[in-house]
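The structure appears below as structure tokens.
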Number of protein chains: 2
Amino acid sequence: MTDDRSTELIGTYSIPQRCQHNPTVTCSDCRLGELCLPIALDSIEINQLDTIVQRGKPLQIGDELFHEGATFNAIYAVRSGSFKSYKLFAGGGSQVTGFYLPGEIVGMDGISSLTHTVSTVALETSSVCEIPFKRFTELSLKIPSLQNRFFRMMGKEITSDQQVRTLLSVKTAEQRVAALLLSLSTRHQRRKLSATRLRLPMTRADIGSYLGITIETVSRVLSKLSKQGLIKLDQREVEICKFNALQELVMEKP
Amino acid sequence: MTDDRSTELIGTYSIPQRCQHNPTVTCSDCRLGELCLPIALDSIEINQLDTIVQRGKPLQIGDELFHEGATFNAIYAVRSGSFKSYKLFAGGGSQVTGFYLPGEIVGMDGISSLTHTVSTVALETSSVCEIPFKRFTELSLKIPSLQNRFFRMMGKEITSDQQVRTLLSVKTAEQRVAALLLSLSTRHQRRKLSATRLRLPMTRADIGSYLGITIETVSRVLSKLSKQGLIKLDQREVEICKFNALQELVMEKP
DNA sequence: GGTAGTGGTTGATCCATATCAATTTTGGTC
DNA sequence: GACCAAAATTGATATGGATCAACCACTACC
């Protein structure tokens, strides 16, 4: 999944010309195209988008894509691997605010204030397409379907944030964990990958922080779901055995 | 605050020509202009925006602006009064997902799927400017600063949603209530109103649902804050006596 | 002005999850 | 393959807020 690119540019954060890293990949032949921005664009428009997208930028585990407080310049489409966003607290400690998988856009947190409100790091070896936001908005003015597409993607971020909020305010620990597993499964499936087998790229601590529960509770809940036969668990490998049962669990009243 | 408009159009949901209700108000002389979309537009652009905005639509307490599941057609700028958005659960019960005050945009939940994911009702006598979304996006293509402004407003919705999520996952009941009071105060202040005195337009049940705590806990926390002298409380009237102390409370580690 | 309904407060008890603590497993490195 | 740090699991205890219950305040309506 993450092994088809060299790593020559690790740590290099500005790429003078596009495609230094993997010159053959363009938006039009990217297999994520239908998840990412290019959907609904015709081939000429995709080429226009292509000219502003900066590829490459492979990151290793723990490498930072952008930092809380940094000036907002670009949004990033995840190409491979995965990322987490998190916020630091004044008194120490942090809160994971989101996980980002291939085809998803990270960095929208900076649009409103032109400053990133969260930090984002790679959870494994990962790569992104950097989309300079100013040039992107200019292009959006010329391509109505691109503007429309991006409005929709931002809208999606809003509604999914609200879903997480619902999860956090009314659901039990068990329901939260189940909901996360289902969400990861669904997002896997969108990429034509197995809906039932997945590898958690994040630690239990990340999961707990994201779901507002402790590591211990995450661990206990996973053990319980495993004992009940709803999932099979081997470290970070998860197999969802009873998808429907998990869904019902999430739907139940808390 | 909500008494300077007649109520002749209550219940009328389509307004053939703009300004039937209060013909004298336009975006350019609206005192909310600097909070709402028109900011950063020149006078010609504001007039263009004006032509697509449909005013009027005063709603009484409990009147629905749009319903969960309804087709998404427009976003709404709150002109006066206040609204709550909420989601219904399958097994009964509901979850308040947001409160909207004058100058704020409600309805963005429908942008991604073209279907509203929440219902929105007036918490008191209120009025909105209806902005048909299709025409709005078309206009945005012609007015870069309008597109930019709206990207920013959506970005703001995303970051504020994330703030609420942080609140819900790591803060105590006391901190949640304090944070809501501060948020309402800040939003009051933006409208050049008192930062220290405000009237809660929502019930304790709404507050509890929004913050993920029970009515009883809301009540107890408010009583406690009142006893501690941080606020004064008379029914729904709140006076914030020690703004800084409240802020420190929110910042504290849970 | 009595009554019903809605919203709000306060008290007593209980439980889901946090916290504290100990142990095991894993992965990386010399 | 021994050692170490980080991650994960499991158990025992503590607690914040939910739940259950009783009561009060206000408004509306006959």
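Note on naming: letters A, B, ... go to the chains in the order of the sequence lines (proteins, then strands), and numbering restarts at 1 for each one.
Counting to the nearest Å, the C1' atom of D:dT9 and the CG atom of A:L225 are 15 Å from each other. If you take CD of A:E124 and C1' of C:dG27, they are 16 Å apart, rounded to a whole angstrom. In this entry the distance linking CG of A:L233 with P of C:dT24 reads 20 Å, nearest Å. Per the geometry, CD belonging to B:E174 stands 17 Å off P belonging to D:dT15, to the nearest Å. Between the C1' atom of D:dG16 and the CZ atom of B:R176 lies a distance of 11 Å, rounded to the nearest Å. Residue B:D234 contributes atom CG, which lies 13 Å from atom P of C:dG8 at whole-angstrom precision. In this structure, the CD atom of B:Q175 is 9 Å from the P atom of D:dG17, given to the nearest Å. To the nearest angstrom, P of D:dA7 lies 13 Å from CD1 of A:I207.
The environment of CZ in A:R197 is sparse: at most 12 heavy-atom neighbours from other residues, nucleotides or ligands sit within 6.0 Å.
A:E124 and A:S82 form a side-chain donor-acceptor contact under 3.5 Å, judged by distance and modelled atom types alone.
Among the protein residues, A:G208 comes within range of no part of the nucleic acid, since none of its heavy atoms lies under 4.0 Å from any strand. Here A:R236 lies in heavy-atom contact (under 4.0 Å) with sugar-phosphate atoms only.
In this structure, B:R190 pairs ionically with B:E104, as a charged nitrogen and a carboxylate oxygen lie closer than 4.0 Å. Comment: B:E248 does not engage B:K242 in a salt bridge, judged by the lack of any side-chain N to carboxylate O separation of less than 4.0 angstrom.
Nearest to the side-chain atoms of A:Q235 among the listed nucleotides C:dT26, D:dA7, C:dG8 stands C:dT26.
Between the side chain of A:Q175 and the backbone N or O of A:L249, at least one donor-acceptor pair lies under 3.5 Å. The closest donor-acceptor contact from the side chain of A:H188 to the backbone of A:L193 lies at 3.5 Å or more, if one exists at all. Looking only at distances, no side-chain donor or acceptor of A:E157 sits under 3.5 Å from a matching main-chain atom of B:I158.
Of the residues in residues 213-224 of chain B, those lying under 4.0 Å from DNA chain D by heavy-atom distance are B:I213, B:T214, B:E216, B:T217, B:R220.
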